[in-house]
Each structure stands twice: as C-alpha cells, then as structure tokens.
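Attaching a single structure in structure tokens format; questions to follow.
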Amino acid sequence: MASISTNSQNDRRIMFRGPDGKRRSLWVGKASMRQAETLRVLVEALLKASRTGHTPDEAVCAKIHTLHHSIRDKLVKFGLLDPPDKPEPTPLGEFVTNFVRLRTKAKPATKEIWRQGELSLLEFFGADCPLDSVTPGDADEYLEHLGGVTSRIKKPLAPMTIQKRLRFAKMIFRAARRKKLIPENPFEDVTYAATKPDKGFFISAEMTARLLAACPDHHWRMIVVLCRYGGLRCPSEVLSLRWADINWEAGRMTVQSPKTEHHPGKESRVIPMFPEMLGQLRESFEAAPAGAVYVVDSRYRTSAMGKSGWKNCNMRTQFERIVKNAGLKKWPRLFHNLRSSRQTELAEIFPSHVVCAWLGNSEDIAKKHYYQVTDAHFAAASATQAMAVSRSVRDDEKTSAFFDAQPAQILTQHDAAGKSTTPHETSEPHEPKGVCAV
C-alpha cells in the first residue's frame with residue numbers, strides 16, 4: 001500500500017496511492033530508515049481509515065500530534081487528514097472590553113476617551129462583528145460615518161474628536177494583529193488630519209490682578225495664583241498641593257503630578273516659590289484651620305475625586321463667574337492658558353529646559369501648546385525697529401554733514417595758500433611720462 005524510496009542524496013520519501021487514486025510522494029528528507037518506516041505504517045493506517053470511513057484509533061491520533069506541522073500539512077493536502085478546525089472568530093465587542101480592562105496603568109481620563117471610542121466603534125460595526133471580517137474598505141466607511149455623525153446635542157463631531165476615535169480604532173486593531181487574530185490592521189492607512197484652532201490667550205499681570213480682586217475668598221485667590229504664577233495644572237496639581245510640600249526656608253515647593261505619575265521620575269517636581277506667590281501663600285497659611293493638609297480647601301478635592309479618578313468638580317463654572325465679575329471676556333481653555341501664560345513669561349528670563357522642568361512638560365510640547373506671541377513682543381519689536389530707524393537717520397545726518405563741510409574746508413585751505421590747487425596742477429613742473437631729462 002505504501003513504500004519507502006531513497007534517492008542518491010539519501011533523501012527518503014513515502015510513496016502511496018491517495019484516496020483520489022493518484023500516486024503521491026511524501027518527502028521526509030534525510031530521515032533514518034526506522035523513522036521512515038514508522039511514518040509508512042502511519043500513512044497506511046490513515047489510508048485504511050479513509051477508505052473504510054472510520055476514525056483512526058487513539059494510537060494513530062497520538063502519533064499524528066507528534067508529527068512536524070509541515071508533515072501534517074502535507075497529509076491534509078493529500079486528503080489523509082481533515083483540516084484543523086479554525087478557532088471561533090473573536091467578536092469585536094469582547095476584544096475591546098478585554099483590551100480596556102487589562103490596561104490597568106491607563107489614567108481614568110484616558111479610559112473615558114477610550115469609552116467614547118468604544119461606543120462609536122461598536123455602534124458602527126456591532127459588538128458581535130468578527131475581528132477578521134473588518135476590511136480596509138470598512139475602515140474607510142467608518143471614517144465617513146464619523147464625519148457625518150452628530151452628538152446628542154445635535155452638533156457635528158469636532159475634528160479632534162474624530163481624530164481621537166479613529167486613533168482608538170487603530171489601536172484596537174493593531175493590538176488584534178499583534179495577537180495574530182487578524183492578518184492585517186484594516187485601519188493602518190486610514191488617516192484624518194484634524195486642524196486644531198489656535199486657542200492661545202495671554203493673561204497679563206493686570207488681568208490677573210482683576211481676577212484676584214473678583215475672587216470670593218482666599219481659596220480661589222490661591223487657585224488663581226497657583227495656576228497663573230506657579231504654572232500648576234488644575235485641578236489635579238492645584239488640589240494635590242499640601243502644606244508639607246512647601247519648604248519656606250529653601251523657597252521651594254514640591255508639586256505632586258497625578259497626570260504624569262505613571263512615568264518613572266515624573267510623579268512630582270520641585271519649583272521655586274516665585275515672588276508673585278508668596279503673599280497669597282502666607283495669607284492662605286494664616287487662614288488655614290489647625291491640622292489642614294491641603295493648601296486649597298479639601299472640599300474641592302473631595303468633589304474632584306470620583307470613582308474613576310479626577311473629574312470636573314464644577315470649578316470651571318465658578319471660575320467663569322469670577323472672570324465675568326472681573327469685567328473680562330471669557331477666553332478659551334480657561335485654566336490651561338493661565339499656565340501657558342506663566343510658561344511664556346518665564347521663557348523670556350530662563351533657559352527653555354529650566355522652564356520646562358518647572359512646568360513639568362517637554363520643550364516640544366511647550367513649543368506646540370504653551371509658548372505664545374504676546375502684545376509685548378510686538379511692542380518690543382516696534383521699539384527695536386524705531387531705534388534702528390533713528391540710528392540710521394542720525395548716521396545719515398552725520399554723513400551728509402561731513403560731505404557738506406568738505407567744499408568749505410577746501411576753500412579755506414585755498415585761501416590760506418593764496419592760490420588754487422587742483423588735482424591736475426602742482427607747484428612743481430610736470431614732466432611727461434616716457435621722456436628722459438638731460
């Protein structure tokens with residue numbers, strides 16, 4: 001039924017007639033005769049089971065599992081083995097849920113963004129959609145869907161929201177590809193360029209003074225001072241500042257940073273106690289009750305700490321009232337622009353890497369999201385230009401005066417000599433060139 005053949009290179013093969021009646025050769029390479037014989041017996045057993053329609057016995061099945069996958073693939077090709085059962089496709093909803101659950105180091109705010117991306121993804125594809133059924137064409141249609149979707153307040157999704165949801169989809173399918181659940185990431189080539197509007201706004205010292213005068217109590221004055229002159233993030237860093245973090249003698253304070261604490265060495269930073277902060281720090285310290293732990297009243301911290309971490313705690317609403325009472329127009333990114341205004345100021349005095357160390361961000365991020373061009377920069381440039389023009393005018397006047405004085409000076413010299421002297425006339429007789437005097 002099956003025989004062993006060896007060629008001149010000592011390569012062995014099992015020769016047999018398959019279930020379809022065609023002659024087949026199962027090359028096994030440089031195997032020993034004993035190994036080839038074992039495989040020949042196995043092939044005959046599989047041929048017998050195939051012709052009689054019976055399932056191979058347990059001993060034969062056990063030997064099949066010990067074969068190299070390349071041999072098993074050939075036996076499947078020849079019709080001696082059934083192809084292995086494909087694993088059940090993983091549903092999209094199940095994979096997304098497990099992915100988010102296992103990312104224990106992700107911040108609650110990050111997971112909230114993921115949750116919005118998950119809802120959008122499952123709304124379009126469905127929770128039961130097999131991961132491997134999503135094609136690049138489906139990914140293109142999903143992007144079109146995001147562009148036409150409206151939120152519950154009946155407004156189109158913002159460009160940055162679309163970009164974040166597309167980024168979440170890419171992350172999910174990239175993770176599925178790395179687990180070998182899909183052959184490719186269908187979102188790999190899908191891009192969306194979200195143009196982010198410039199939301200920078202510089203809060204001057206005069207505006208800050210008006211804000212402080214409009215604050216209802218010293219707690220809010222402390223919040224404004226820490227954001228504007230300390231450059232702290234609000235609410236996480238402002239509400240995490242403790243009296244124990246302030247070193248009055250050294251003139252420094254340690255800022256706890258919940259946003260970056262998951263990065264090694266970024267859980268806190270040390271900043272100077274800038275002069276603009278000292279007065280308010282002393283006032284709040286004297287007004288603090290005995291045993292107070294946090295610089296800002298802990299009731300704000302209690303409101304800001306939810307089950308999933310930091311939340312809004314309605315500070316923005318109250319701050320908008322303060323801005324209005326100060327007679328100012330509300331600016332974009334209320335708390336962030338207080339912080340970016342401070343970084344812009346400090347960058348005029350200190351090296352960039354020092355300022356970034358104090359503010360807790362990188363130079364690239366500072367250039368992209370923090371540094372601002374202010375009216376003072378334009379005023380300084382105009383003053384510099386005016387000085388340059390004035391200097392140029394003075395130089396021109398001096399040059400003109402010098403050349404205007406030359407004729408008068410020459411005439412004076414002529415009058416003193418009693419005769420006119422020109423460049424072509426001298427007091428000595430002129431001898432033509434090329435003539436030798438005898």
Taking side-chain hydrogen bond (donor to acceptor under 3.5 Å, both in side chains) as the cut-off, I'd like each qualifying pair that reaches into residues 354-363, sequence neighbours left out, listed once. Gln343-Asn361, Ser352-Glu363
Kindly indicate, with the supporting measurements, whether the criterion salt bridge (charged side-chain N to carboxylate O under 4.0 Å, His left out) is fulfilled by Glu276 and Arg342. CA-CA 11 Å; Glu276 301 95 330; Arg342 187 51 168 173; 3.2 Å; yes
Check: Ala366 main-chain N/O paired with His369 side-chain donor or acceptor under 3.5 Å: no
Donor-acceptor pair, distance only, cut-off 3.5 Å: does the side chain of Asn337 make one with the backbone of Pro332?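 Here the side-chain-to-backbone pair exists.
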Close side-chain approach of Lys266 and Glu261, heavy atoms under 4.5 Å: no
Donor-acceptor pair, Asp217 side chain versus Trp220 backbone, under 3.5 Å?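 Yes: the side chain of Asp217 pairs with the backbone of Trp220.
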Could you give me the CA-CA distance, side-chain angles and deciding distance for Asp245 and Arg242, then say whether salt bridge (charged side-chain N to carboxylate O under 4.0 Å, His left out) is met? CA-CA 5 Å; Asp245 296 327; Arg242 302 168 300 184; 2.9 Å; yes
Centres of the Phe187 and Phe173 rings: under 6.0 Å? yes
For Ala357 and Arg269 the tightest heavy-atom approach is O-CD, 3.5 Å
Sidechain N-carboxylate O distance under 4.0 Å for Glu286, Arg282: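 Answer for the salt bridge query: no.
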Shortest non-hydrogen separation from Pro235 to Met315 and the atoms involved: CB-SD, 3.8 Å
Restricting to non-hydrogen atoms, name the atom on Gly79 and the atom on Pro19 that form the minimum distance, rounded to 0.1 Å. O-CG, 4.0 Å
Does atom NZ (Lys63) have a neighbourhood of more than 12 heavy atoms from anything else shown, all under 6.0 Å? no
Are Asp189 and Pro136 close enough that some pair of their side-chain heavy atoms sits under 4.5 Å apart?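 A side-chain contact under 4.5 Å is absent here.
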Below 4.5 Å, heavy atoms only, C-beta onward: do Glu118 and Thr97 meet side chain to side chain? yes
Could you check if a side-chain atom of Leu278 sits within less than 4.5 angstrom of a side-chain atom of Met273, using non-hydrogen atoms only?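 Yes; the side chains approach each other to less than 4.5 Å.
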If only atom types and distance count, is the side chain of Gln372 paired as donor or acceptor with the main-chain N or O of Phe202 below 3.5 Å? yes
When rounded to the nearest 0.5 angstrom, what is the spacing between OG1 in Thr110 and NZ in Lys164?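 Rounded to the nearest 0.5 Å, the OG1-NZ separation comes to 9.5 Å.
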Heavy-atom pair with the smallest gap, counting every atom of Ile203 and Ser341: N-OG, 3.0 Å
Going by atom types only, do Ser284 and Gln280 share a side-chain donor-acceptor pair under 3.5 Å? yes
Could you tell me whether the side chain of Arg321 reaches within less than 4.5 Å of the side chain of Lys324, counting heavy atoms only?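 In short, these two side chains do not touch, never coming nearer than 4.5 Å.
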Would you say NZ of Lys30 has more than 12 non-hydrogen atoms from neighbouring residues, nucleotides or ligands within 6.0 angstrom? yes
One should read off an interatomic distance between Asp132 CG and Leu181 CG, to the nearest 0.5 angstrom, of 8.5 Å
Please check: side-chain N/O of Ser382 versus main-chain N/O of Phe378, any donor-acceptor pairing under 3.5 Å? yes
Check the pair Asp73, His69 against side-chain contact (heavy atoms from CB on, under 4.5 Å), reporting the backbone distance first and the verdict last. CA-CA 6 Å; Asp73 292 342; His69 66 85; 3.9 Å; yes
Working for side-chain contact (heavy atoms from CB on, under 4.5 Å), residues Met253 and Leu241: CA-CA 9 Å; Met253 55 196 299; Leu241 185 65; 3.3 Å; yes
Are Glu283 and Arg221 within salt-bridge range, i.e. N to O under 4.0 Å? yes
Indicate whether the side chain of Thr135 and that of Asp138 have a donor and an acceptor atom separated by less than 3.5 Å.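 The answer is yes; a qualifying pair exists.
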What do you reckon, is CG of Asp57 surrounded by more than 12 foreign heavy atoms closer than 6.0 Å? yes
Can you see whether His263 engages Thr260 through a side-chain donor-acceptor pair at a distance of less than 3.5 angstrom?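 Checked: His263/Thr260 side chains show no N/O donor-acceptor pair below 3.5 Å.
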Ile271 vs Arg252, side-chain contact (heavy atoms from CB on, under 4.5 Å): CA-CA, chis, key distance, verdict: CA-CA 6 Å; Ile271 70 170; Arg252 301 179 182 183; over 6 Å; no
Any idea how Trp243 and Phe285 line up, ring-wise: parallel (<30°), tilted (30 to 60°), or perpendicular (>60°)? perpendicular
Side chains of Tyr192 and Arg167, heavy atoms from C-beta outward: is any pair under 4.5 Å? no
Do side-chain atoms of Thr344 reach the backbone of Ser340 as a donor and acceptor pair under 3.5 angstrom? yes
Any side-chain heavy-atom pair of Met171 and Trp114 under 4.5 Å: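 The answer is yes; the side chains approach within 4.5 Å.
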Any donor-acceptor pair under 3.5 Å linking the side chain of Glu267 with the backbone of Gly265? yes
Side chains of His219 and Met222: closer than 4.5 Å at any heavy-atom pair?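 His219 does not reach Met222 side chain to side chain.
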Donor-acceptor pair between Ser257 and Glu237 side chains, under 3.5 angstrom: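 Result is yes, a qualifying pair exists.
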Side-chain donor/acceptor of Lys111 to backbone N/O of Val100, under 3.5 Å: yes
Is it the case that over 12 heavy atoms from other parts of the model lie below 6.0 angstrom from the CG atom of Asp128? no
Walk me through it: do Arg174 and Glu184 pass the test salt bridge (charged side-chain N to carboxylate O under 4.0 Å, His left out)? CA-CA 8 Å; Arg174 182 169 55 248; Glu184 64 173 352; over 6 Å; no
Donor on one side chain, acceptor on other, Tyr142 and Ser120, under 3.5 Å: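 A donor-acceptor contact under 3.5 Å links the two side chains.
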NZ of Lys74 to CG of Leu67: how many Å apart, nearest 0.5 Å?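 It comes to 11.5 Å.
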To the nearest 0.5 Å, what is the distance between CG on Leu121 and CG on Leu92?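 One gets 5.0 Å once the value is rounded to the nearest 0.5 Å.
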If I compare all heavy atoms of Arg301 with all of Ser240, which pair ends up nearest, and what's the gap? NH1-OG, 3.1 Å
Quick one: sort the Trp331 and Phe319 rings into parallel, tilted or perpendicular, breaks at 30° and 60°.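 Ring orientation of Trp331 relative to Phe319: perpendicular.
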Please step through side-chain contact (heavy atoms from CB on, under 4.5 Å) for the pair Leu232 and Cys227, ending with a clear verdict. CA-CA 5 Å; Leu232 273 65; Cys227 291; 5.6 Å; no
For the residue pair Asp82 and Val76, what are the closest heavy atoms and their distance?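 Minimum heavy-atom contact is O-CG2, 3.9 Å.
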Distance in Å, Phe201 CZ paired with His336 NE2, rounded so as to fall on 0.5 Å steps: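 These two atoms lie 13.5 Å from each other.
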Nearest 0.5 angstrom please: Ile246 CD1 to Leu281 CG, how far?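 Nearest 0.5 Å value for the CD1-CG distance: 5.0 Å.
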